[in-house]
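Before any comments, here is the structure.
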Amino acid sequence: MNKLLSTHPETVSENQIRFLKAHRRHHHLIGLCRLLLIVAFLGLWELAAVKEWIDVFFFSSPSSIMRYLYQMLIDYSFFSNTGITLLETVVSFLLVTCLSLFVATLLWYVSSLAEVLEPYLVVLNSLPKSALAPLLIVWLGTGTNTIIVAGISVAVFGSIINLYTGFCQSDPEMLKLIYTLGGNKRDAFVKVILPSSVPLILSNMKVNIGLSLVGVIIGEFLAARRGLGYLIIYGSQVFKRNAEMIEMNIRTVILYPTLRSYIHVSYIHVYIHSFRSAQGTKRHEKGFRAKHFVL
């Protein structure tokens, strides 16, 4: 933001500068409130454990969790289990993104195929994905492939439906303009459907990263010998509540926000690029109209 202000000082007014500073202060205040909330929660939790308001055997305590986390850091089990879960999540997320984008594009190109497959996609999306995990073990065996497929199965059907619905809701006037100027379906998809669906695609990715992580954890519950899901199940079986709490916190506090923030930063970069492209398009709008229309 500061770089933008220093690069183009003549294009930013004083009101805009004040707005940007207020916007930044607002985000800092929100971040501070979030931090205070989690600190207050952990402090109350620790106080309840010390005063024996809760049973430490069942609920554990922040200090016990930190000691167990330190032991995991010492023996490197933290890095090995977190790394394998992160790898499986990223692979399943990338496959979900590519597969859903390809299938949604195919359905948009072939409308009759979409009419045939749409009810089946809805039914597959409504299936309880946890019930598929035992079947995946029978079909694929235990191992990384089964876990990745479990992560894909949780997110792919809903992603296809959302992308296809977004493609069908693009501006009909822009599509009519493309066809009037002699364009085909490929031109309509490349010049109208895909650019207008970039926010939808990135928002869908932000949802898919969480669903992929959930699917991977479900797969690790049943078909893994390492990973966060395996440690959660192991901790529940031997009554190691510290292990369960650590793995759930790693999943919800570290992995998911980190991957989601990366997608959010990518969204900002794409938005800035699209904004600059739109500014360049406006400069040539008059020439475009003179070229294609006779008034």
Which heavy-atom pair separates [X] from [Y] by the least distance, and what is that distance?
X	Y	result
Phe93	Met205	CE1-O, 3.3 Å
Ala104	Leu163	CB-CB, 3.6 Å
Ala150	Ser153	O-OG, 2.8 Å
Thr85	Glu220	OG1-OE2, 3.0 Å

Does the [X] side chain pair with the main chain of [Y], one donor and one acceptor, at a distance under 3.5 Å?
X	Y	answer
Ser197	Leu194	no
Asn162	Gly158	yes
Lys191	Ile178	no
Ser159	Ala155	no
Ser126	Val123	yes

Give, for atom [atom1] of [X] and atom [atom2] of [Y], the distance between the pair rounded to the nearest 0.5 Å.
X	Y	atom1	atom2	result
His23	Gln16	NE2	CD	13.5 Å
Phe157	Leu124	CZ	CG	4.5 Å
Ile161	Asn204	CD1	CG	11.0 Å
Glu88	Asn145	CD	CG	9.5 Å
Ile147	Thr89	CD1	OG1	9.5 Å
Asn208	Lys206	CG	NZ	12.0 Å

The single option from Asn125, Val103, Leu101 passing side chain to side chain contact (heavy atoms under 4.5 Å, CB included) against Ile160: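 Going through Asn125, Val103, Leu101 one by one, the side chain to side chain contact (heavy atoms under 4.5 Å, CB included) with Ile160 is satisfied by Val103 alone.
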Applying the side chain to side chain contact (heavy atoms under 4.5 Å, CB included) criterion to Cys33, which one of Leu37, Leu36, Leu29 satisfies it?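 That would be Leu29; it is the only one of Leu37, Leu36, Leu29 passing the side chain to side chain contact (heavy atoms under 4.5 Å, CB included) with Cys33.
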Under a single-linkage definition using a 4.5 Å side-chain heavy-atom cutoff for Ile, Leu, Val, Met, Phe, Trp and Tyr, are [X] and [Y] assigned to the same hydrophobic cluster?
X	Y	answer
Val216	Val149	no
Tyr179	Val192	yes
Trp53	Val50	no
Trp45	Val39	yes
Val96	Ile148	yes

Hey, which of Tyr164, Phe189, Phe102, Phe167 is the one that makes ring-ring contact (aromatic ring centres under 6.0 Å, His included) with Trp108?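 Considering Tyr164, Phe189, Phe102, Phe167, a ring-ring contact (aromatic ring centres under 6.0 Å, His included) with Trp108 is found only for Phe189.
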Under the criterion side chain to side chain contact (heavy atoms under 4.5 Å, CB included), I'd like the reasoning laid out for Val90 against Leu86: C-alpha separation, chi angles, the key distance, then a yes or no. CA-CA 6 Å; Val90 171; Leu86 180 61; 4.2 Å; yes
For atom CD of Glu46, decide whether the heavy atoms of other residues, nucleotides or ligands shown that lie under 6.0 angstrom number more than 12.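 It does: Glu46 CD has more than 12 such atoms within range.
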Is it the case that over 12 heavy atoms from other parts of the model lie below 6.0 angstrom from the NZ atom of Lys176?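 No.
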What I'd like to find out is whether the side chain of Ile30 reaches to under 4.5 Å of the side chain of Arg34, using heavy atoms alone.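 Yes; the side chains approach each other to less than 4.5 Å.
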Would you say that Phe41 contacts Ile38 through its side chain, given a criterion of any heavy-atom pair below 4.5 Å between the two side chains?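 They are in contact (side-chain heavy atoms under 4.5 Å apart), so the answer is yes.
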Show your reasoning for whether side chain to side chain contact (heavy atoms under 4.5 Å, CB included) applies to Leu117 and Leu113. CA-CA 6 Å; Leu117 295 182; Leu113 180 63; 3.7 Å; yes
